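Since this is a predicted model, take the numbers as computed values, not measurements.
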Amino acid sequence: DARGQMQPALSVQAHATDVNVIAWNPTVQNLLVSGADDGSFRIWDLRNLRAPTADFAWHRDAITAVHWHPTDGSVLAVASADDSISMWDLSLERDDAASPPEPDVADFPPQLLFVHQGQTEIKEVRWHPQIPGLLLSSAADGFNIFKPENAQQNP
């Protein structure tokens, strides 16, 4: 409100650095994602905003875009100024009790499904609303359309 009389219903200190992007989950009404300058992105549950539900500090530069999968509420794509796009499935967890992770994959979060590289100055990433697993990204050098093989398992 320009008159300064209205205050926000709620204000959350979401990250230690600037929050660049934020998006509502289209299928899970109480979830949202935020992405920050420090390369981290966080999942928030409206039922408890005291702390993020999940916190991922995987990218090496600012998050430039986040987009939830249109039909699978646990899957999202994250674009970064580190010239990469990552695809995540938040429903996955590592089961170290069953079998310890192989040394070459131990440093990767179990929720990380796919990383797309090859574009410079990535600005946006979007899921196709009708074609499962199809992603579109825009960058300084044009746009890419791609469908990661492991995305075919998602609805």
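- Note that the NE2 atom of His67 and the CG atom of Leu136 stand 10.0 Å from one another [nearest 0.5 Å].
- Ser80 and Asp61 form no side-chain donor-acceptor contact under 3.5 Å, judged by distance and modelled atom types alone.
- For the atom pair Thr64 OG1 and His59 NE2, the distance stands at 8.5 Å (nearest 0.5 Å).
- Side-chain contact between Ser86 and Leu112 is present, with at least one heavy-atom pair separated by less than 4.5 Å.
- Of all heavy-atom pairs spanning Pro110 and Leu92, the tightest one is O-CD1, 3.7 Å.
- Here the side chains of Leu46 and Trp24 are in contact, with some heavy-atom distance below 4.5 Å.
- With rounding to the nearest 0.5 angstrom, the OG atom of Ser138 is 5.5 Å from the CD atom of Glu124.
- A distance-only check finds no donor-acceptor pair linking the side chain of Trp88 to the backbone of Leu113 [under 3.5 Å].
- Using a 4.5 Å heavy-atom cutoff, the side chains of Gln119 and Ser137 are in contact.
- Here Gln29 contributes atom CD and Asp45 contributes atom CG; the two are 10.0 Å apart, rounded to the nearest 0.5 Å.
- Under the side chain to side chain donor-acceptor pair (under 3.5 Å) criterion, Thr53 pairs with no residue at all, not counting sequence neighbours.
- With a 4.5 Å cut-off on side-chain heavy atoms, Lys147 and Leu134 count as touching.
- Side chain of Asn25 to main chain of Gly73: a donor-acceptor pair is present (N/O by atom type, distance under 3.5 Å, no hydrogens or angles).
- Annotation: side chain of Asp72 is not in contact with side chain of Thr27 (no heavy-atom distance under 4.5 Å).
- A search for ring-ring contact (aromatic ring centres under 6.0 Å, His included) contacts involving Phe143 returns nothing, not counting sequence neighbours.
- Inter-residue side-chain proximity for Val78 and Ile63 is flagged as met; some heavy-atom pair is nearer than 4.5 Å.
- For the atom pair OG (Ser84) and CZ (Phe114), the distance works out to 11.0 Å, reported to the nearest 0.5 Å.
- Residues Leu90 and Leu76 meet the side-chain proximity criterion, which asks for heavy atoms closer than 4.5 Å.
- Note that CE of Met87 and NE2 of His69 are 8.0 Å apart. Values are rounded to the nearest 0.5 Å.
- Considering only heavy atoms from C-beta on, Ile22 stays 4.5 Å or farther from Val66 through its side chain.
- In this structure a side-chain-to-backbone donor-acceptor pair under 3.5 Å is missing from Glu121 to Ala140.
- Both Val21 and Trp58 belong to a common hydrophobic cluster when Ile, Leu, Val, Met, Phe, Trp and Tyr are linked at side-chain heavy-atom distances under 4.5 angstrom.
- Across all their heavy atoms, Gly118 and Asp141 have their closest contact at O-OD2, 3.8 Å.
- Phe146 and His116 have parallel rings, their planes meeting at less than 30° on a 0 to 90° scale where 60° marks the start of perpendicular.
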List the atom pairs, with distances to 0.1 Å, where a side-chain N or O of residues 31-44 and a protein N or O form a donor-acceptor pair under 3.5 Å, not counting sequence neighbours.
{"from": "Ser34", "atom 1": "OG", "to": "His15", "atom 2": "NE2", "distance (Å)": "2.7"}
{"from": "Ser34", "atom 1": "OG", "to": "Trp44", "atom 2": "NE1", "distance (Å)": "2.8"}
{"from": "Asp37", "atom 1": "OD1", "to": "Asn20", "atom 2": "ND2", "distance (Å)": "2.9"}
{"from": "Asp38", "atom 1": "OD1", "to": "Ser40", "atom 2": "N", "distance (Å)": "3.0"}
{"from": "Asp38", "atom 1": "OD1", "to": "Ser40", "atom 2": "OG", "distance (Å)": "2.7"}
{"from": "Ser40", "atom 1": "OG", "to": "His15", "atom 2": "ND1", "distance (Å)": "3.1"}
{"from": "Arg42", "atom 1": "NE", "to": "Asp55", "atom 2": "OD1", "distance (Å)": "3.4"}
{"from": "Arg42", "atom 1": "NE", "to": "Asp55", "atom 2": "OD2", "distance (Å)": "3.1"}
{"from": "Arg42", "atom 1": "NH1", "to": "Ala14", "atom 2": "O", "distance (Å)": "2.4"}
{"from": "Arg42", "atom 1": "NH2", "to": "Asp55", "atom 2": "OD2", "distance (Å)": "3.2"}

